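To keep things clear, I will list the structure first and then write my remarks on it.
This structure is a prediction, so every number in the text was calculated from the model and none was measured.
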Amino acid sequence: MIDRLLPLIASHILIASAALVLGLILALPLGVFAARHRRVEQAVLGFASLVQTIPSLALLALFYPLLLAIRTLTGAPISPLGFLPALLALTLYALLPILRNIVVAFRGLDTDVLEAADGVGMTAWQKLRFVEAPLALPTVMAGIRTAAVWTIGAATLSTTVGQPSLGDVIFSGLQTQNWELVIWGCVAAAALALTADALLALAERGISRGPRILWIAALALFVAGPVAALVSQARETRTTVTIGAKSFAEQYILARLIGHRLEAAGYRVRYKENLGSAVVFGAVASGEVDVYVDYAGTLWTNEMKRTDNPPRVEMVAGVSAWTLKTRGVTTLGPLGFENAYALAMRGDDAKRRGIVSINDLSRAAPDLTMGADLEFLDRPEWAKLRATYDLKFARQRTFNPTFMYDALKSGDADVISAFSSDGRIAADGLVVLADPRGAIPSYDALLLLGPKAARDAKLVATLRPLVGAVPVDKMRQANFMVDRATNKKTPDEAAKWLAGSIGR
């Protein structure tokens, strides 16, 4: 566990400290200027407050399409994924407490003291440096400490835009119900926040009351963390292969199945997990991710905007040709199994209601609750399914994929958007409803390579044996190893089992 946490802690420190430093660079002069000009103060604090009303996860997500559009329009060599979007979003979050405390501190300065400074002939700079700044320091430092804690906490969400952080283990733990991972990630993030707050408090005390060595030592320790993290990050060589994954057990397992093969071939690998469908495809096209597994139906509907439903072989061929021609992404081939969306119900409930197909479901839907994963209700597949069968549920709820199955078992949902390669379907006694009108497309698992990876003959040769080698029953067993409630396996362990069971 420590081996996994250390690089994530380094990445977490690096992104949080960079955002805090950039926030300070922006907030200090802006705050002082705003404190002297009432209209500027209202505008600046209003903007900072507005940013705080945007959920941090949404703010992070919004920077991806924004940076992608900027790069497309200007040709600027900027990355829409990873460090940059996380840095910009976290910087905006750090601004409000610093700005507000600067304004409050300067507004609350004793006017008699300021008049005395003017009376002895101090310049504006001298007055700021020797009078205003020392008096305002305690309040300003309180804002900086608040910003530091907020930034370190919010940095866990940078995982969703491809920036490694302690959020990697937290999100993975939540998805697989591995609470040990969640606890480790939360404890590590909390420890970083408390340490940063304590060091800043020590620096404040040293600056305000001395001795001088106190604040120098505190700031040195505070800076040592980001420097050590930067050194650690610099050790990653350019030959590192980045493997992408979405946010469910199958993706974690397949990422490690790929990673183990590459490591055995001498490559160094890193994982970018918990990415959304659009984000990860954009990342492989731009070279931010070198290899990942996606599904034919997802690319067919989400990226290609196709609404027809051809046979599986025709769809795979169409997707492969389109990704290569339009985005430079090579489809190495199908892995051998399909993970299709499917509507599922508890077996006893479906039998009691006489529901065996989605046709039957459409009649009962007004009395039922639909549970879906976080993406499904906004995907074109759901729009087509709903229109084809005229589905009108009494309620629709979204869940983390793991919790979605729990919601079905507990009765919080009557129908869910299940995954056909999920081992929990059989284990939980669920019934997959037939799709007689063919509204749901096929979802062959495809091994995709970015432009750089596709040019690496050794890498291609290393991964090619996986094509057509993973049968659906083996994938279901591997998935269930991670998803089951007792005797759980890690995705790494499940990937090793899967590799052994398919002879790869």
Side-chain angles (χ1 to χ4, degrees), residues 1-12 15 56-57 60-61 81-82 86 152-192 241-260 263 269-277 279-280 283 288-289 291-294 339 373-375 398-406 419 421-424 475 478-498:
M1 177 56 68
I2 298 300
D3 290 342
R4 183 176 182 184
L5 280 179
L6 286 178
L8 296 178
I9 290 173
S11 295
H12 199 104
I15 187 62
S56 50
L57 187 59
L60 280 158
L81 191 71
I152 291 171
T156 57
L157 298 175
S158 62
T159 291
T160 58
V161 291
Q163 169 59 29
S165 73
L166 289 167
D168 285 24
V169 290
I170 294 174
F171 278 90
S172 296
L174 287 172
Q175 297 290 0
T176 61
Q177 292 191 331
N178 186 333
W179 306 121
E180 181 184 356
L181 285 181
V182 176
I183 291 171
W184 272 106
C186 291
V187 168
L192 287 180
V241 177
T242 301
I243 303 171
K246 302 183 189 183
S247 57
F248 52 95
E250 180 171 288
Q251 286 277 302
Y252 303 148
I253 296 168
L254 292 173
R256 280 156 182 78
L257 179 68
I258 293 167
H260 293 165
E263 286 175 331
V269 304
R270 63 181 173 185
Y271 301 97
K272 287 192 175 183
E273 300 173 324
N274 300 296
L275 303 175
S277 294
V279 171
V280 70
E288 297 292 328
V289 166
V291 55
Y292 87 110
V293 174
D294 212 332
N339 184 4
D373 66 71
L374 300 175
E375 289 187 12
T398 56
F399 301 90
N400 161 305
T402 295
F403 297 145
M404 178 179 68
Y405 285 88
D406 291 339
F419 310 107
S421 61
D422 200 314
R424 287 171 292 190
M475 194 70 248
N479 287 336
F480 191 59
M481 288 179 180
V482 175
D483 289 325
R484 63 190 174 196
T486 59
N487 194 26
K488 295 173 71 70
K489 302 295 184 183
T490 66
D492 193 76
E493 292 170 330
K496 291 176 181 176
W497 175 88
L498 181 59

Among all residues two or more places apart in sequence or in another chain, which pass the side-chain contact (heavy atoms from CB on, under 4.5 Å) test with [X]?
| X | value |
| --- | --- |
| Ile170 | Thr156, Leu174, Cys186 |
| Glu375 | Ser277, Asp373, Arg379 |
| Ala255 | Ile243, Ala245, Tyr271 |
| Val482 | Thr176, Ala249, Ile253, Pro491, Ala494 |

Discussion item. A side-chain contact here means heavy atoms from C-beta on lying under 4.5 Å apart; do Met481 and Trp497 qualify?
Written reply: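 The answer is yes, as the side chains (C-beta and beyond) meet within the 4.5 Å cut-off.
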Review point. Is there a side-chain contact between Leu192 and Leu166 (heavy atoms, below 4.5 Å)?
Key: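 Contact flag for Leu192/Leu166 side chains = yes.
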- prompt: Among all residues two or more places apart in sequence or in another chain, which pass the ring-ring contact (aromatic ring centres under 6.0 Å, His included) test with Phe248?
  reply: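 Partners of Phe248 by the ring-ring contact (aromatic ring centres under 6.0 Å, His included) criterion, ordered by chain and then number, come out as Phe419.
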Least distance between heavy atoms, [X] atom then [Y] atom:
| X | Y | value |
| --- | --- | --- |
| Asp483 | Asp422 | OD2-OD1, 3.9 Å |
| Ala155 | Ile15 | CB-CG2, 4.2 Å |
| Gly173 | Leu181 | CA-CB, 3.9 Å |
| Phe171 | Tyr252 | O-OH, 4.0 Å |
| Val269 | Glu263 | CG2-OE2, 3.3 Å |
| Leu8 | Pro164 | CD2-CB, 4.2 Å |

What pairs with [X] under salt bridge (Lys or Arg N to Asp or Glu O under 4.0 Å), at least two apart in sequence or on another chain?
| X | value |
| --- | --- |
| Arg256 | Glu273 |
| Lys272 | none |
| Lys496 | Asp492 |

For [X], give me all partners under side-chain hydrogen bond (donor to acceptor under 3.5 Å, both in side chains), at least two apart in sequence or on another chain.
| X | value |
| --- | --- |
| Thr242 | Arg270 |
| Ser421 | Glu250, Asn339 |
| Asp294 | Lys246, Tyr292 |
| Asp168 | Thr159 |

